[in-house]
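First up is the structure itself, then whatever we jot down about it.
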Amino acid sequence: MLEELKKKVYEANMLLPKYGLVTFTWGNVSAIDRESGYFVIKPSGVDYDKLRPEDMVVMDLSGNRIEGNLNPSSDTATHCELYKAFPTVGGIVHTHSPWATSWAQAGRGIPCYGTTHADYIYGEVPCVRNLTKEELEQYEVNTGKLIAERFRSLDEKAVPCVLCKNHGPFAWGKDAHEAVHNAVVLEEVAKMAARCEMINPDVKEAPQELQDKHYFRKHGAGAYYGQV
């Protein structure tokens, strides 16, 4: 079932160590087949060098395992909630990449200090609050619900990533590969922003008109970046 999607999810997961986004097994990628309503996700705690396409686990949006002999990622319920909340999203990544996670542990969103950030993310990368003690009883489900709640006032396509306070980042895209791409971008802009504040503690966000120019030349109605 969904053999081609399993292959794509496997390949996307293998990009995480390639780009230095994971240590040990600290990360996962999933992708959804909207027609069937099933999504494919990495199994929990399996070393990347031992991972195979056939190890990927097929889940439904109610959290039921449809196919696979291994337990799905412990973050599966969060992925499930995000797929339900964001109908345009086709792939999701969660990592503990060090720079983005450092901002999350500090409980701060990542301001847009320059055009690298603005090319991919429109405005600040938000950091959602901690879950309450009661919410922690359904930790993964409520993590997804909390992210979805924060994005009621945001466009998940314009801001394809988020930080969870004291936890780490999630990123997403139209498919698994784009989600990984956005996770790599997030880690790089997190690094740049932290270094920027080290160099100049009084730094201000990039002017809004400059942010607009860079974001909309790639993503706006009159976008002209790249090839037709």
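More than 12 heavy atoms of other residues, nucleotides or ligands shown are found within 6.0 angstrom of CD on E197. Around atom CZ of F151, more than 12 heavy atoms belonging to other residues, nucleotides or ligands sit under 6.0 Å away. Within a 6.0 Å sphere centred on NZ of K6, other residues, nucleotides and ligands contribute more than 12 heavy atoms.
Taking the ring centre of Y48 as origin, the terminal cationic atom of K18 falls outside the region bounded by 6.0 Å and 45° from the ring axis.
Of the possible polar contacts, none joining the E140 side chain to the T78 backbone as a donor-acceptor pair under 3.5 Å is found. Here the side chain of H117 pairs a donor or acceptor atom with the backbone of G123 at under 3.5 angstrom. Judged by distance alone, with hydrogens and angles left aside, the side-chain atoms of S62 form no donor-acceptor pair with the main-chain N or O of N64 at under 3.5 Å.
The pair E81-K84 meets the salt-bridge criterion, with a side-chain N (NZ, NE, NH1 or NH2) lying under 4.0 Å from an Asp/Glu carboxylate O. At a threshold of 4.0 Å, the pair K8-E11 does not count as salt-bridged, since none of the basic side-chain nitrogens sits closer than that to a carboxylate oxygen.
Checking M59, M1, E67 one by one against Y38, the side chain to side chain contact (heavy atoms under 4.5 Å, CB included) holds for a single residue, M1. For the side chain to side chain contact (heavy atoms under 4.5 Å, CB included) with F39, the lone residue among I92, D33, T76 that qualifies is T76.
Side chains of Y225 and H219 form no contact here, defined as non-hydrogen atoms less than 4.5 Å apart. Between P160 and I121 there is a side-chain heavy-atom pair separated by less than 4.5 Å. Side-chain contact between P169 and W99 is absent, with no heavy-atom pair separated by less than 4.5 Å.
Between the CG atom of L163 and the CD atom of Q105 there is a distance of 11.0 Å, given to the nearest 0.5 Å.
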